[in-house]
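Reviewing the structure listed below.
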Amino acid sequence: MSRLRLAHRTELDATSALGIRLPDGRNVLLVKVHERISAFVNRCPHQGVMLQAEPNVFLEASGELIQCTMHGALFLPETGECIFGPCQGRHLEPVVVSVDAEGNIQLAGK
Ligand code: FES
């Protein structure tokens, strides 16, 4: 079973965040916070827009929370839950990924 490779974990070393477009057209963000990698569809639950104003900038200044630059909503990288802002209590849509022994980040279940 071949899995779609999205990136290598070293690509997240510099920015801790990466925006990717999947072959099915979905825009996805990968983030690494405290060495944990998670992925979500790049669409804010507030107004349905993409989160970033600049390429690959998805984390707020502390590097611990995902931020929507449109109105400043903040999301937990573990669950995608919005904990501050106009969509508080709603969630980013998760994308299940896995990391293999070589550090390849792959779309799970395909
Ligand atoms: S569109 Fe994301 S906080 Fe409003």
Side-chain angles (χ1 to χ4, degrees):
M1 182 169 64
S2 71
R3 295 184 168 185
L4 182 65
R5 180 185 180 281
L6 302 179
H8 192 273
R9 64 178 303 130
T10 56
E11 294 174 66
L12 288 168
D13 286 347
T15 64
S16 297
L18 205 56
I20 292 175
R21 188 173 176 88
L22 299 183
D24 65 10
R26 285 183 297 166
N27 289 297
V28 166
L29 60 109
L30 296 172
V31 293
K32 184 171 78 173
V33 178
H34 299 308
E35 298 305 314
R36 182 185 189 279
I37 292 172
S38 52
F40 300 94
V41 174
N42 184 358
R43 187 174 57 238
C44 182
H46 180 217
Q47 291 191 342
V49 300
M50 292 170 76
L51 301 174
Q52 81 281 16
E54 296 175 50
N56 301 328
V57 177
F58 292 100
L59 299 174
E60 47 73 61
S62 74
E64 305 220 333
L65 295 168
I66 299 166
Q67 182 173 45
C68 177
T69 51
M70 185 69 82
H71 307 108
L74 297 173
F75 303 86
L76 296 174
E78 296 86 2
T79 62
E81 180 184 0
C82 178
I83 57 166
F84 175 84
C87 45
Q88 193 166 344
R90 296 171 69 187
H91 289 74
L92 297 171
E93 182 183 336
V95 175
V96 182
V97 296
S98 60
V99 184
D100 71 12
E102 285 81 44
N104 295 302
I105 305 167
Q106 301 168 322
L107 200 57
K110 293 270 180 187

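Just follow the structure's listing: the first ligand is 1, and inside any ligand the first atom is 1.
- The CD atom of E11 sits 7.0 Å away from atom CD1 of I105, with the distance rounded to the nearest 0.5 Å.
- If you check the side chains of E64 and H34, you find a donor sitting under 3.5 Å from an acceptor.
- Under the 4.5 Å side-chain heavy-atom criterion for Ile, Leu, Val, Met, Phe, Trp and Tyr, M50 and V57 are members of distinct hydrophobic clusters.
- The contact set between ligand 1 and H46, taken as ligand atoms under 4.0 Å from a residue heavy atom, comprises 1 (S), 2 (Fe), 3 (S), 4 (Fe).
- Here the straight-line distance linking atom CZ of R26 with atom CD of E93 works out to 6.5 Å at 0.5 Å rounding.
- Residue contacts with ligand 1, taken as heavy atom pairs separated by less than 4.0 Å, involve M70 solely via side-chain atoms from C-beta onward.
- Judged purely by atom type and a 3.5 angstrom limit, N42 uses its side chain to pair as donor or acceptor with the backbone of L51.
- Those atoms of ligand 1 with a heavy atom of Q47 less than 4.0 angstrom away are 1 (S).
- Ligand 1 places these atoms under 4.0 Å from at least one heavy atom of A73: 3 (S).
- The distance from atom CD of E60 to atom SG of C68, rounded to the nearest 0.5 Å, is 13.0 Å.
- Atom CD of E54 sits in a sparse spot, with 12 or fewer heavy atoms from other residues, nucleotides or ligands closer than 6.0 Å.
- With atom 2 (Fe) of ligand 1 as vertex, C44 SG and C68 SG subtend 110°, rounded to 10°.
- Contacts between C87 and ligand 1, counted as non-hydrogen atom pairs separated by less than 4.0 Å, are absent for every part of the residue.
- In the vicinity of P86, heavy-atom distances shorter than 4.0 Å reach the ligand 1 atoms 3 (S).
- Atoms of ligand 1 found under 4.0 Å from any heavy atom of V49 (numbered from 1 in listed order, with element): 1 (S).
- Residue H71: no N/O/S atom is found under 2.8 Å from atom 2 (Fe) of ligand 1.
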